[in-house]
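What follows is a single structure, written as structure tokens, with notes after it.
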Amino acid sequence: MAIVSLSDSSVEVASAKVMGRRVRAWVVAPALAALALAGGYQALSALETPGYVIRHELVAAGAAVARLPWSTPAAGVQQIVGQQFGHYRATVDAKGFPAYVEVTLHGLGPADCSAAARLARIEGQVVIVAKRPSGGDACGEDGVMTWRIMP
């Protein structure tokens, strides 16, 4: 018959192992869940069509313009609005701020242009309208499309 006393080191080691397993379960499970959510979001973003990517960036730019104080200098407006466009090269014209800001996206392909043209008009607290070239084509031949953001 074995007698276990409280001073026995095997009991302390066993309880430490049990505590370690419990702590790992509480830490690892939420970390795995967070990684799964982040991976799902990245996969969803990768499957997003170019038109929706442009729309999301325009909405973010519109929200940024709406938050700007009317006294913001043109260079500040250009920097803040330009930061909203990570997928396409953008040129920001802030000479009409605070009434409007124009954003021109460069290097759009024909599929990107037609998708963006379908989703171009955004109404809400901020109105975003695509400016069409005189020919009626969404981008023209140079792959450039311009939007006017009006807070």
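What you are looking at is a predicted structure, and each value in this text was computed from that prediction instead of being measured.
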Legend entry - Sequence neighbours excluded - salt bridge (Lys or Arg N to Asp or Glu O under 4.0 Å) pairs with any residue from residues 96-112: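 Checked against salt bridge (Lys or Arg N to Asp or Glu O under 4.0 Å) - neighbours excluded - the pairs reaching residues 96-112 are E102-K131, E102-R148.
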Legend entry - Inter- and intrachain pairs under salt bridge (Lys or Arg N to Asp or Glu O under 4.0 Å), touching residues 67-87, at least two apart: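 Non-adjacent pairs meeting salt bridge (Lys or Arg N to Asp or Glu O under 4.0 Å): zero.
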If every non-hydrogen atom of [X] is compared with every non-hydrogen atom of [Y], which pair is closest and at what distance?
X	Y	value
L108	C113	CB-SG, 3.6 Å
W70	F97	O-CE2, 3.7 Å
Q84	A61	CG-CA, 3.6 Å
A94	A74	CB-O, 3.8 Å
Q78	V92	NE2-O, 3.2 Å
W147	A116	CZ2-CB, 3.9 Å

Sequence neighbours excluded, which residues qualify as side-chain contact (heavy atoms from CB on, under 4.5 Å) partners of [X]?
X	result
P69	S71, T72
T91	T104, H106
I80	A64, L68
E57	V53, F85, H87, Y88

Inset, instruction - Give me the other members of the hydrophobic cluster that V129 sits in, counting Ile, Leu, Val, Met, Phe, Trp and Tyr linked by side-chain heavy atoms under 4.5 Å, directly or via other members. - result: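 V129 clusters with Y100, V127, M150.
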Legend entry - All side chain to side chain donor-acceptor pair (under 3.5 Å) counterparts of E123, not counting sequence neighbours: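 By the side chain to side chain donor-acceptor pair (under 3.5 Å) rule, E123 matches R121.
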Legend entry - Pairwise distance CG(L58) to CG(L105) - rounded to 0.5 angstrom: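 So the gap between those two atoms works out to 6.5 Å.
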Inset, instruction - With sequence neighbours left out, write down each residue that passes salt bridge (charged side-chain N to carboxylate O under 4.0 Å, His left out) with R118, or none if nothing qualifies. - result: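 With sequence neighbours excluded, R118 shows a salt bridge (charged side-chain N to carboxylate O under 4.0 Å, His left out) to no residue whatsoever.
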Legend entry - For D93, salt bridge (charged side-chain N to carboxylate O under 4.0 Å, His left out) partners two or more places apart: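 D93 satisfies salt bridge (charged side-chain N to carboxylate O under 4.0 Å, His left out) with K95 once adjacent residues are dropped.
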Inset, instruction - Test side chain to side chain contact (heavy atoms under 4.5 Å, CB included) on V126 and V65 and set out the steps. - result: CA-CA 9 Å; V126 176; V65 169; 5.8 Å; no
